[in-house]
S.K.: 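Next up is a structure, given as structure tokens.
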There are 2 protein chains.
Amino acid sequence: MDEQGMDEHGTCGHHAHEDRTQNAGTHGAHDHGACAHGPARAGDLVARAERLAQARGLQFTALRRRTLEVVAEEGRPLGAYDIAERLSVPGKRVAAVSVYRALDFLTEHGLVHRIASRNAFVPCEHGHGAGESAVFLICRRCGNVDETTSAEIERSLDRTLAQAGFKPASRIVEIEGECGACQGKAEAE
Amino acid sequence: MDEQGMDEHGTCGHHAHEDRTQNAGTHGAHDHGACAHGPARAGDLVARAERLAQARGLQFTALRRRTLEVVAEEGRPLGAYDIAERLSVPGKRVAAVSVYRALDFLTEHGLVHRIASRNAFVPCEHGHGAGESAVFLICRRCGNVDETTSAEIERSLDRTLAQAGFKPASRIVEIEGECGACQGKAEAE
DNA sequence: GTCCGGCCTGTTACAGTGTAACGCTCGGCG
DNA sequence: CGCCGAGCGTTACACTGTAACAGGCCGGAC
């Protein structure tokens, strides 16, 4: 039912949240090819989620969709409480616990990733399944997160795990440092 | 001061924590040499810390030493509040914030590691510097954490980072799954 | 139709994690 | 002596995450 009741605030209802995406105005500089973050991809991700839900018989509810939209539009890791705030409108608060449940769903189906070192969430930029592993490049300066994969890393990891007799279930690889764009900015200072 | 007041509960004061280091008796299968967890190594680590403090002119205070001892004796990831509890004696509470400061010191100098996916801390079982990276194998069943390194993983990671133009500062590699010992136990069930 | 079950969400409450800020003590130093 | 810096105690607070219960919606069984 509430499909249509959502749309009028799904993308803009949260009035002027004082723009903490301070990089928004300045980061057009870098070009390492994987930086198609942000709103442009949000629609794609939602579409993928809808296909996936249909295929697996899952309920892609309004809350889950709005949560995914918020995460996808940001392009930068968002905490659960940040998401809750963005989803809330005056008179209609969304509690963080609801967001956690939505995020559980989304991570379980590979639509968003959790950044363990930040306790925050980013949209999944690949079509990979939940089982496949990703490498997250987290920039200290601009806060952007880039997601890549590497068969080579995966292979060497597998080899190490096999040698240790360890059966992996999930893998976390998070690199913190400076992205290409911010290195350029650092030199300019 | 309280140097001597600590020892009587340092190793056994917290009554019977039901020995979850059950791999000690059964896991003779793997032999990569890095599985000497627990109390046996605690002294070594403290000795290493003392040498390091002397060499660098650092203050290895009583609180920092006791914190390191607690972490080293457990062999299993401990939360900051768990550590605070173990450090506290009736009438003399140690606040978590103090433990955090001690942990900051210890991690900064490579004596303990933080497990991001668990918000917990483990002793460093290698002599590697803070800059070098480690791979943590976290067992879902027994909770033990094994720390290894792999030049091969490091190399492939470096290659991927260079390719992305990303300058790494710190690396987090945490694999969750089942350790060799617990796989054996799973089959026995 | 009604009832019943599951799933999702709202709500409250609470435990755990982490940091900021202030003040104290202690030891070194001029 | 007073100054200063480091470490620590203390309070307060913000953020993270989960448990438990209640209500709504929907589909199937009767």
Side-chain angles (χ1 to χ4, degrees), chain A residues 1-6 10 17 20 49 53 56-68 70-71 76-89 91-109 112-122 143, chain B residues 1-3 5-6 49 53 56-68 70-71 76-109 111-122 143:
Chain A
M1 30 85 68
D2 42 12
E3 292 303 77
Q4 63 288 17
M6 286 307 141
H17 53 290
R20 275 130 111 204
R56 300 190 198 174
L58 305 171
Q59 298 190 42
F60 190 49
T61 64
L63 179 64
R64 291 170 179 176
R65 188 161 58 78
R66 289 161 55 200
T67 301
L68 180 58
V70 167
V71 173
R76 195 173 58 89
L78 273 184
Y81 280 64
D82 292 331
I83 298 171
E85 201 179 331
R86 279 168 174 65
L87 288 178
S88 296
V89 286
K92 190 63 184 171
R93 267 191 49 74
V94 174
V97 60
S98 296
V99 174
Y100 277 112
R101 290 191 283 230
L103 288 170
D104 284 344
F105 173 89
L106 296 172
T107 54
E108 198 170 324
H109 295 98
V112 309
H113 291 295
R114 176 187 165 77
I115 306 295
S117 60
R118 297 286 180 105
N119 295 325
F121 300 82
V122 293
Chain B
M1 29 133 348
D2 42 16
E3 294 302 82
M6 282 311 137
R56 300 190 198 174
L58 306 171
Q59 299 190 44
F60 190 48
T61 64
L63 178 63
R64 290 170 179 176
R65 188 162 58 78
R66 288 161 55 201
T67 301
L68 180 57
V70 167
V71 173
R76 196 172 58 87
L78 273 184
Y81 280 64
D82 293 330
I83 298 171
E85 202 178 331
R86 278 167 175 66
L87 288 179
S88 296
V89 286
K92 190 64 184 170
R93 266 191 50 74
V94 174
V97 61
S98 296
V99 175
Y100 277 112
R101 289 191 283 230
L103 288 169
D104 284 344
F105 173 89
L106 296 172
T107 54
E108 198 170 324
H109 296 98
L111 296 164
V112 309
H113 291 294
R114 175 188 166 77
I115 306 294
S117 61
R118 297 285 180 107
N119 295 326
F121 299 83
V122 293

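These values consider heavy atoms only, across backbone and side chains, with no hydrogens, waters or symmetry-generated copies. None of these values were measured; they are calculated from a predicted model.
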S.K.: Sequence neighbours left out, what passes side-chain hydrogen bond (donor to acceptor under 3.5 Å, both in side chains) with S117(B)? Give chain and number order.
M.R.: E174(B)
S.K.: Which whole-number value in Å describes the distance from E108(A) CD to dC7(C) C1'?
M.R.: 14 Å
S.K.: Rounded to whole Å, please give me the gap between CG in L103(A) and P in dC8(C).
M.R.: 15 Å
S.K.: With distance as the sole test, does S88(B) use its side chain to make a donor-acceptor pair with the main-chain N or O of V94(B) at under 3.5 Å?
M.R.: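 The answer is yes, because a donor-acceptor pair under 3.5 Å joins these two groups.
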S.K.: Once you round to the nearest 0.5 Å, how far does CG of L78(A) lie from CD1 of I115(A)?
M.R.: 11.5 Å
S.K.: Mark up nucleotides 11-20 of chain C, 5' to 3', with B wherever a protein heavy atom is under 4.0 angstrom from a base atom, S wherever such an atom reaches only the sugar-phosphate, and - elsewhere.
M.R.: BB----BBBB
S.K.: In whole angstrom, give the distance that lies between atom CG of L58(A) and atom P of dC7(C).
M.R.: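 Rounded to whole Å, this separation is 12 Å.
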S.K.: On a heavy-atom basis, which atom in A120(A) and which in G79(A) lie closest, and how many Å separate them?
M.R.: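 Smallest interatomic distance, heavy atoms only, reads CB-N, 4.2 Å.
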S.K.: Out of curiosity, L106(A) CG to R65(A) CZ, how far, rounded to the nearest 0.5 Å?
M.R.: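 It comes to 12.0 Å.
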S.K.: What is the distance, to the nearest angstrom, from the CZ atom on R64(B) to the C1' atom on dC8(D)?
M.R.: 10 Å
S.K.: Please name the pair of heavy atoms, one in R76(B) and one in V122(B), separated by the smallest distance, quoted to 0.1 Å.
M.R.: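 Answer, listing the atom of R76(B) first, then V122(B): C-CG1, 4.2 Å.
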S.K.: In this structure, how many angstroms lie between the P atom of dG7(D) and the CZ atom of F105(B), rounded?
M.R.: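 Taking CZ of F105(B) and P of dG7(D), I get 8 Å after rounding.
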